[in-house]
Asks: 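Please read through the structure below; I'll follow up with questions.
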Number of protein chains: 2
Amino acid sequence: MRLTTKGRYAVTAMLDLALHEGQGPISLADISERQGISLSYLEQLFAKLRRNELVKSVRGPGGGYQLNHEKQAISVAQVVDAVNESVEATGCARQGDCQSGETCLTHHLWCDLSNQIHSFLNGISLADLVVRKDVKDVADRQDRRHSSQVFLTATDSLRADKAAV
Amino acid sequence: MRLTTKGRYAVTAMLDLALHEGQGPISLADISERQGISLSYLEQLFAKLRRNELVKSVRGPGGGYQLNHEKQAISVAQVVDAVNESVEATGCARQGDCQSGETCLTHHLWCDLSNQIHSFLNGISLADLVVRKDVKDVADRQDRRHSSQVFLTATDSLRADKAAV
DNA sequence: ATAATGTCCTACTTAAATGCTCGGATAAAT
DNA sequence: ATTTATCCGAGCATTTAAGTAGGACATTAT
């Protein structure tokens, strides 16, 4: 089992998409700036998210990424899984062949733990996160800090209007 | 957050001690054989367990390790912690300074997850594991397979008798 | 057309950790 | 004195995370 910045980055980036839903495609450059994640690294993560059909992409200027499903339908567990960070606590992938073909002494304990974690992360959707107070607070701060050029150009507000329809 | 064979080995070894409590000191060679863990690696793990005062050691022939507290008083979480496998899911050690000094978008989510895992593993003691059916089954199988020389020598049964007093 | 802006893709690098092995020192029992 | 065990340190192969670098391709705006 393993949960590092990899999985955390993925969830954070997906939550960023959910927060800016309805504003058209969001570029990775925007996410990189807002969330403090390396652009190149984001590209690699989104390649996996796209292959798992959690996001869809639009290429070219004004392009970026959008959620491929309703926010309610995307769980944190799905996102973490998509970037290959299993929250599986057993070493045998639940096979029970941990100790040279046989079940090890603590196999069932780690199975129980895996169930706990998985059901917890499975029960939280991006929609659930979006409405949380602690998430809103941080999102507001980030928007205030990075809103400098959002409504500066005519094309940008035009795009936002189009997307809002 | 990370849970690999390191933490699983530690819990398995501690459970082995709990299962053979009352039989005097248990050597790492015995645990190595029963649980299929490298002896040298066990030594390293038990060095940490000893420094965390979870076990006490007896040197010399007939020596080995014993639990330093009642089985009921040792939780799985303590054992995992002792070998430096934190089940902490945040990257900021709960400080909230995840994103260049400020709180990141998903900080509270990972805090919640950490609480879940920690309270789960904290609520399970070695005593709880010893009485579980799945644990008993595996333990019986292991005892049957590795009991060949336990009661063969006079010194061994003598030692067991002494320890039982 | 062409320049700019984005995704897409591959390969490389650095650092850290895991899971071991090996060699030897020390303590205690036979 | 020899055996049995814990102790202790160094070292090593492998994997992974996390990020860099460079470029190809698609799309929009000039």
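Not measured: the values here are computed from a predicted model. Chain identifiers are assigned alphabetically (A, B, ...) following the order of the sequence lines, protein sequences preceding nucleic acid strands; residue numbering begins at 1 within each chain.
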Asks: Name the residue from B/V11, B/D134, B/T12 that meets the side chain to side chain contact (heavy atoms under 4.5 Å, CB included) definition with A/L109.
Replies: B/V11
Asks: Taking only side-chain nitrogens and oxygens of B/S57, does any of them come within less than 4.0 Å of OP1 or OP2 of D/dC7?
Replies: yes
Asks: State, to 0.1 Å, how close A/L17 and A/Y65 come at their nearest heavy-atom pair, and which atoms those are.
Replies: CD2-O, 3.5 Å
Asks: If only side-chain N and O atoms of A/R59 are considered, is one of them under 4.0 Å from the OP1 or OP2 phosphate oxygen of C/dC9?
Replies: no
Asks: Are B/V79 and B/L67 linked, directly or through intermediate hydrophobic residues, by side-chain heavy-atom contacts shorter than 4.5 Å (ILVMFWY only)?
Replies: yes
Asks: Below the 4.0 Å mark, does D/dT20 have OP1 or OP2 next to a side-chain nitrogen or oxygen of A/S38?
Replies: yes
Asks: Is the distance from OP1 or OP2 of C/dT18 to the nearest side-chain N or O of B/R8 less than 4.0 Å?
Replies: no
Asks: Starting the side chain at C-beta, find the nucleotide from D/dT6, C/dC8, C/dG19 nearest to B/T4.
Replies: C/dG19
Asks: What's the closest nucleotide to the A/R2 side chain, out of D/dA17, D/dT27, C/dT21?
Replies: D/dA17
Asks: Check the side chains of B/E53 and B/N68 for a donor-acceptor pair under 3.5 angstrom, ignoring hydrogens and angles.
Replies: no
Asks: Does the side chain of A/S40 get closer than 4.0 angstrom to OP1 or OP2 of D/dT20 through an N or O atom?
Replies: no
Asks: Can you identify which nucleotide, out of C/dC8, D/dA17, D/dT6, has its nearest atom closest to the B/L28 side chain?
Replies: D/dT6
Asks: side-chain contact (heavy atoms from CB on, under 4.5 Å), that's the test. Do A/Q99 and B/R34 meet it? Break it down for me.
Replies: CA-CA 10 Å; A/Q99 190 182 341; B/R34 270 193 298 260; 6.0 Å; no
Asks: Quick one: B/L39 CG to C/dG19 C1', roughly how many Å, whole number?
Replies: 14 Å
Asks: Of all of residues 41-48 of chain B, which get a heavy atom below 4.0 angstrom from DNA chain C, listed by number?
Replies: B/Y41, B/Q44
Asks: Does A/Y9 place a side-chain N or O at less than 4.0 Å from the phosphate oxygens OP1/OP2 of D/dG19?
Replies: yes
Asks: DNA chain C: A/P61 or A/R51, which has the more 5' nearest nucleotide?
Replies: A/P61
Asks: Please test A/I74 against A/M14 for side-chain contact (heavy atoms from CB on, under 4.5 Å), starting from the C-alpha separation and ending with a verdict.
Replies: CA-CA 9 Å; A/I74 302 178; A/M14 289 292 283; 4.2 Å; yes
